[in-house]
Q: 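Would you mind keeping the following structure in view while I ask a few things?
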Amino acid sequence: MFDIKWIRDNVNLFDEAMKRRGIEPQSDKLLALDDERKATILALNEAQKKRNTLSKQIGIAKANGDDRKAQNLMLKVAELKKEVQRGEEKEREQTKALRDALAVLPNILAKDVPDGEDETDNVEIDNFGERVEFPFRAKQHFELGEALGLMDFEVAAKIAGSRFVVLKGALARLERALGQFMLDVQINENGRTEVNPPLLLHEKAMFGTGQLPKFKEDSFVTTDGRWLLPTSEVPLTNMVRENILSINDLPMRLTGLTPNFRSEAGSSGKDTRGMIRQHQFYKVEMVTIATAQMAEREHEIMLKSAQNILKKLNIPFRTMLLCSGDTGDSMQKTYDLEAWLPGQNTYREISSVSIAGDWQARRMNARYRDENGKVHFVHTLNGSGVAVGRALIAVMENYQQEDGSILIPQALQPYMGGLEIIRAQ
RNA sequence: GGAGAGGUGGCCGAGUGGUCGAAGGCGCACGCCUGGAAAGCGUGUAGGCGAGCAGUCGUCUCGAGGGUUCGAAUCCCUUCCUCUCCGCCA
């Protein structure tokens, strides 16, 4: 969300930034709303001031026992009262109108974000690992999993519907191992604080990070109006909502392992086979709360942390800088890590590392006090470190053998009780 | 689910209709004092919005929203949250 005062001072910059997002110039409309609002406030303050002055005089008159004077003053104030009430109502409406208009606008893209339409215009900035050349046809993860008898989509459909999976035995454990491994790296090597948040969230929290109001069809709601977290970015970031933090608390580096729930409303027909796109999946998340000065460095640190996970698992991946058309509304700049999937013979997103600037902080009213006691909005960042479900896919496809067994990456073996290979029973 | 208690500034805590954005204490900052420190003394110590180049001024905010009143932290209604006891339950 934007500061209307900033828009007023940066009309061209703002309209240009919206244009990059494919949005018509907004500043005229917004400034007009703000002008009306200001005029209302000015008149309202004037009326309130008069009312307060007279009311105090009534108090004094009564204290002095001058009832007639008090009576006179009361009549005067009665009129002002109506004026104040009208003004308050108008101000409330106008403020809400302005806020609603601002709430749906996307973040400003960073200067170094390349222009582009969609994911085909993203720019590769880094590449890690050798793609394995199999002397046989590489299978997709679901072929492997089903053949092992450890991955069952039919049972999942029976109990929950499509886009769910049931993992069993060593595969279930492998998924758990991946989550624990990643979390441990985040805590021990990347110095993040583990957080285990609620999975059901207030609407306010969903608004704070930008999932609401625009993208409500992407998430699930409960019967009592709570939202199932689509990513733990939401609870972790909203931990600082409506706070004024001390500068000493920053940067605040958090991590957590949670399930994520997504309706995938707009994705019917996409990735229908396998575990790529599910309604429910585990993900290790990184969230950093920082100052404006710290933020860019924290973004690079976070990117390295995510890359580090895949390197430890020895999964080939490339790092993409998302183009303007593919960068999420809440974000100024996003890197995606795409893991190589031999079975699909393609790269697929496995992590997304983004910087939001103060866009989320304004929505959350999350601030900090600097060395001089001045209050500023924090800057927020988040990234996956990494998606567990997709990491499972990447491990299976990259570590598969001709007979359909799967080697377990060395880094995971301690989490698998020393198991080195998963074979059909 | 039933019965009760409560939500006030960074924290504790007073305030039950009148100049209260709010006593007092703690904490913190600065100054004095000291060789240095502690103690002591003094001063300061919310955020939003609006006006102004600025000093500053006005206004709003005592969980949230609404109402009563000339005037609300104080009265009424609604709602959220916390705590205690009982019941139920993982």
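Note that this is a predicted model, so its numbers are computed, not measured. Note on naming: letters A, B, ... go to the chains in the order of the sequence lines (proteins, then strands), and numbering restarts at 1 for each one.
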Q: Show me the protein contacts with nucleotides 29-31 of chain B, counting only N or O atoms at under 3.5 Å.
A:
none

Q: Please give the distance between the C1' atoms of B:C62 and B:G17 as a whole number of Å.
A: 15 Å
Q: Classify the nucleic acid contact of A:Lys5 as base, sugar-phosphate or nothing, counting any heavy atom under 4.0 Å across all strands shown.
A: sugar-phosphate
Q: Taking any strand in view, what nucleotide pairs with B:G52 in a Watson-Crick or G-U wobble way, both distances under 3.5 Å?
A: none
Q: Give me the distance, rounded to whole Å, that separates B:U45 from B:A51 when you measure between the P atoms they each carry.
A: 25 Å
Q: How far, in whole Å, is B:U19 from B:C83 if one measures between their C1' atoms?
A: 37 Å
Q: Quick check for you: to the nearest 0.5 Å, what is the distance between A:Phe207 atom CZ and A:Arg241 atom CZ?
A: 10.5 Å
Q: Only one of A:Leu183, A:Val284, A:Asp184 passes side chain to side chain contact (heavy atoms under 4.5 Å, CB included) with A:Glu194; say which it is.
A: A:Leu183
Q: Please state how far atom CD in A:Glu36 lies from atom C1' in B:G50, giving the value in whole angstrom units.
A: 16 Å
Q: In whole angstrom, give the distance that lies between atom CZ of A:Arg92 and atom C1' of B:G67.
A: 12 Å
Q: When both hydrogen-bonding distances must be under 3.5 Å and the geometry is Watson-Crick or G-U wobble, what is B:G1 paired with, if anything?
A: B:C86
Q: Any N/O pairs under 3.5 Å between the protein and nucleotides 69-77 of chain B? List them or say none.
A:
{"residue": "B:C70", "atom": "O2'", "partner": "A:Ser55", "partner atom": "OG", "Å": "3.2"}

Q: For B:C28, give its Watson-Crick or G-U wobble partner with both distances under 3.5 Å, or none.
A: B:G44
Q: Taking atom P of B:A64 as reference, at what distance in whole Å does atom CD of A:Glu203 sit?
A: 19 Å
Q: Measure from CD on A:Glu46 to P on B:C60 and round the result to the nearest Å.
A: 12 Å
Q: With both distances under 3.5 angstrom, what nucleotide forms a Watson-Crick or G-U wobble pair with B:G35?
A: none
Q: How far does the P atom of B:A72 sit from the matching atom of B:C20, given to the nearest Å?
A: 14 Å
Q: Strictly by modelled atom types, are A:Gln211 and A:Ser219 linked by a side-chain donor-acceptor pair under 3.5 Å?
A: no
Q: Could you check how far CD of A:Glu91 sits from P of B:A51, rounded to whole Å?
A: 13 Å
Q: Nearest whole angstrom, please: distance from the P of B:G58 to the CD of A:Gln48.
A: 13 Å
Q: Quick one: A:Arg367 CZ to B:G10 C1', roughly how many Å, whole number?
A: 14 Å
Q: Hey, mind stepping through A:Thr237 and A:Gln360 against side chain to side chain donor-acceptor pair (under 3.5 Å) and telling me if it holds?
A: CA-CA 9 Å; A:Thr237 309; A:Gln360 294 180 324; 4.6 Å; no
Q: Reckon A:Asn52 touches a base, only the sugar-phosphate, or nothing at all at heavy-atom distances under 4.0 Å?
A: sugar-phosphate
Q: Distance only, no hydrogens: is a donor on one side chain within 3.5 Å (strictly under) of an acceptor on the other, for A:Ser330 and A:Asn107?
A: no
Q: In whole Å, measure the gap between the P atoms of B:G50 and B:A39 for me.
A: 43 Å
Q: Could you tell me the separation between the CZ atom of A:Arg37 and the P atom of B:U59, rounded to a whole number of Å?
A: 18 Å
